[in-house]
2 protein chains.
Amino acid sequence: MYQLNLGSLSLTEFLNDYWQKKPLLLKGGFKQFTDPLTADELAGLALEEEIESRIVSCVNKQWDMQTGPFEDFSVFGETDWTLLVQAVDHWHPDAAKLLDPFRFIPNWRIDDLMVSFSTPGGGVGPHLDQYDVFIIQGEGKRHWRVGMPDSNLQQMCPHPRLLQVSPFTACIDVITEPGDILYIPPGCPHDGISIENSLNYSVGFRAPAQKDLLTGLADHLIDHDVTGKRFSDNGRSAAKSVGAISDTDLNQVQQLLQQLVNDKTMLPHWFGSLITRAKHELDINEPDPHYSNEEIAEYLDEGSVLSRCGGLRCCYYQQTPDSDILLFINGDQITLPANELTTAQLVCDFTALAPEQNLHFTHSAERLMLLTSLINQGYWYFSE
Amino acid sequence: MYQLNLGSLSLTEFLNDYWQKKPLLLKGGFKQFTDPLTADELAGLALEEEIESRIVSCVNKQWDMQTGPFEDFSVFGETDWTLLVQAVDHWHPDAAKLLDPFRFIPNWRIDDLMVSFSTPGGGVGPHLDQYDVFIIQGEGKRHWRVGMPDSNLQQMCPHPRLLQVSPFTACIDVITEPGDILYIPPGCPHDGISIENSLNYSVGFRAPAQKDLLTGLADHLIDHDVTGKRFSDNGRSAAKSVGAISDTDLNQVQQLLQQLVNDKTMLPHWFGSLITRAKHELDINEPDPHYSNEEIAEYLDEGSVLSRCGGLRCCYYQQTPDSDILLFINGDQITLPANELTTAQLVCDFTALAPEQNLHFTHSAERLMLLTSLINQGYWYFSE
Ligand SMILES: O=C(O)CCC(=O)C(=O)O
Ligand SMILES: O=C(O)CCC(=O)C(=O)O
Ligand SMILES: [Co+2]
Ligand SMILES: [Co+2]
């Protein structure tokens, strides 16, 4: 278990003063940090077809970027390159634990754990992201500079697939050591140049844009065959210019859209489903043969520990204590009765369930069926 | 030219009392009606791959429906079937003229002209549509019954591809004769059974549903790479249950959507483009070789007549007399300066342009270029 050390700051102070506002260096954010994986393990992940990886290098001021899978790293030499692997939490249970200390931010906002290995001189260059990130320094040291958002920064494209920014003024300029953590809000330029072979862990966040939300709602309407109301125009007067689109007609069109997005009943359904969909492949291992309810009950009684598949996104929504609970797992919605809040919380609030917690599922046939189905889909598995 | 005869009704009375409200029989709606096409010509259209056609039959109480193209109609016998051909206005200039008398409703609301040929006993069965329709009786006679919307009507599916309703009470029960016109608002059940070989012309309307509108806006955001604002949550407090989606977060999601649809600047752009996209194939004949501006000017000076490609959808929008004009042709947007309203109206308000009207395009190089490009795309052509 990693424990976040905010130094003299309280969590409330961090949230009020820094979250989404200002970058922050947490020197020794993790005390006595030990890496959950080695550079060799990371390289091993980058061999896999289904794992997204890339190598960014800069040799003689010439930036390059290649995407994995990679077979041989020796061609890149000893310096000036960085290997970046996405969604490592999906494949490496110990690395996934690095997300847990940041779960004062709700699940749905957390995206994935990206891990980078950089050789001396390696880095992706000065850039900015649209999302918050906590960058944890693992083994090695890196020179990190972070600036405040600055609308004067120029976009630069030193390589068709690399988006960088012009040089920026740093408000944080530090050589990070194992366990140091940088918090970087969206839009803050940052640049990390490795001093020695170095591992960095990026806890990234999701922040859907208006386009994503609207597309999500549109997909929901299509998937659920919700046509909605049609344009209507009783009381229309005869068109003077038949080719004109009138403001009256446009206003009606707008009102139809407004009614759709003002409606609060559909909102949690499509949003929960949209926001729990995995962006990267999951390491799902469906048990074969499937377990029966009885077998699961037996394992639970025997004190087994359950772990959630790394990167599986689980959320719930309950409007009032009397409302049904909408449980969202990997984009699918399951409806639970209002009094099953503990069930929803056990499923969503924990990435591993201890024997005492698991007993909850043995107390009703419905709960056991739910858990059995989640295990049979490979979403939860017995880890001990 | 067909001339609509509303009898004792004024157009304003029709619009106030019937449009989208009540069905209406216009006995002799077209005086001395002559069919723009023959049953043989309609059958000819139904031979074509790119023209949507279907035959609905009912033999021994057994409904059937087949889609075209058709090669041989003799297999259907002499009675109890109807051939329906969609978007005949796209392929038959004379038939397209049947839409013109209904252009007191703006272009964008008008959909297409469907033509049916029914043998004695033929019809599609009692049903209702989501759209307004004017059904014109051509040659032959048909027994038409029309009712008011009735939520007690049951949906029936006598064939997987036929949606009918249970028997309904008629408020109009008439044997239509050539030139009679029925107006049927959305949701009104109707049933036409042919008494003798009979042609019917349906002037159909478009009424986009909330789903279509939202999808249209979503497509616009995607096509124009409009990401919009991202979810942001500075001032967030620490999550008590990390799996919960909070109402505060949902409200923010909703606000992002509301901002998007409350924005009036994007609205005419995507709506104009959405609503002018053709639903059925157009009979586009791109001239080869293309005309030069000079050649076009010459033809116009010589007094040529221009016709618009049948079914081509043309609309414009101008917010204020000082605003740029957004001209939409077949889903594409062209921006014209504020003082080019006449240009937009000539392009959108008329399906054919007389020599006097055409001279307008010779008075400026930009107008001539616009017209040349429309002709070279096959959207307008010299018909005389
Ligand atoms: O580890 C790296 O080199 C890049 C990290 C980074 O820029 C990020 O996570 O936003
Ligand atoms: O002509 C026909 O048989 C069907 C016409 C009809 O129902 C319609 O146009 O809505
Ligand atoms: Co970054
Ligand atoms: Co109908």
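All heavy atoms count here, side chains included; hydrogens, waters and symmetry mates do not. Given the structure is predicted, the values throughout are model-derived calculations rather than measurements. Sequence lines set the chain letters: A, B, ... in the order given, protein chains first and strands last, and positions in each chain run from 1.
The two residues Pro106(A) and Ala244(B) have their closest heavy-atom pair at CB-O, 4.1 Å.
A distance of 4.5 Å separates CG of Leu214(A) from CG of Leu214(B), quoted to the nearest 0.5 Å. Within the model, atoms CG of Leu221(A) and CG of Leu213(B) stand 10.5 Å from one another, a figure rounded to the nearest 0.5 Å.
Contact annotation for Asp263(A): only backbone heavy atoms (N, CA, C, O) come within less than 4.5 Å of a heavy atom of chain B. Heavy atoms closer than 4.5 Å to chain B are found in the backbone of Cys314(A), but not in its side chain. There is no contact between Ile110(A) and chain B, counting heavy-atom distances below 4.5 Å. If you measure heavy-atom distances from Gln345(A) to chain B, the contacts under 4.5 Å come from the side chain alone. Residue Phe14(A): no heavy atom, backbone or side chain, is found under 4.5 Å from chain B. Contact of Leu11(B) with chain A is made through the side chain alone, with heavy-atom distances under 4.5 Å.
With chain B as the partner, the residue from Thr215(A), Ile222(A), Leu260(A) showing the most heavy-atom pairs under 4.5 Å is Leu260(A). Chosen from Cys315(A), Pro185(A), Ala209(A), Pro186(A), the residue pairing most often with chain B at heavy-atom distances under 4.5 Å is Ala209(A). Interface summary for chain A: among Phe205(B), Trp19(B), Phe104(B), Tyr18(B), the most heavy-atom pairs under 4.5 angstrom belong to Trp19(B). Ranking Gly228(B), Pro208(B), Ser246(B), Gly243(B) against chain A, the residue ahead of the rest is Gly243(B), based on heavy-atom pairs under 4.5 Å. For the set Thr276(A), Asn16(A), Ile275(A), Leu217(A), the entry with the most heavy-atom pairs within less than 4.5 Å of chain B is Leu217(A). Contacts with chain B were tallied for Phe328(A), Tyr131(A), Tyr317(A); Tyr317(A) has the most, counting heavy-atom pairs under 4.5 Å. Top candidate by heavy-atom pairs under 4.5 Å with chain A, chosen from Ile325(B), Asp17(B), Leu257(B), Leu326(B), is Leu257(B). The choice from Lys21(A), Arg206(A), Lys264(A) that makes the most heavy-atom pairs within less than 4.5 Å of chain B is Lys264(A).
Using a 3.5 Å distance cut-off with no hydrogens or angles, the side chains of Ser241(B) and Tyr316(A) do pair a donor with an acceptor.
Val242(B) pairs with exactly one of Asp349(A), Asp100(A), Ile105(A) by the side-chain contact (heavy atoms from CB on, under 4.5 Å) rule, that one being Asp349(A).
Residues of residues 229-240 of chain A lying under 4.5 angstrom from chain B, judged on non-hydrogen atoms, are Lys229(A), Arg230(A), Phe231(A), Ser232(A), Asp233(A), Asn234(A), Gly235(A), Arg236(A), Ser237(A), Ala238(A), Ala239(A) by number. Proximity to chain A at a heavy-atom threshold of 4.5 Å picks out nothing from residues 337-344 of chain B.
By the 4.5 Å heavy-atom criterion applied to side chains, Gln258(B) and Asn262(A) are counted as neighbours. At least one side-chain heavy atom of Trp270(B) sits less than 4.5 Å from a side-chain heavy atom of Val253(A). Ile245(B) has its side chain out of reach of Pro268(A): every pair of non-hydrogen atoms, C-beta onward, lies at least 4.5 Å apart. Here the side chains of Lys211(A) and Asp225(B) are in contact, with some heavy-atom distance below 4.5 Å. Residues Val226(A) and Gln210(B) form no side-chain contact, since every pair of their non-hydrogen atoms from C-beta on lies 4.5 Å or further apart.
Look at Arg109(B) and Asp249(A) and you find no salt bridge, because none of the NZ, NE, NH1 or NH2 atoms lies under 4.0 Å from a carboxylate O.
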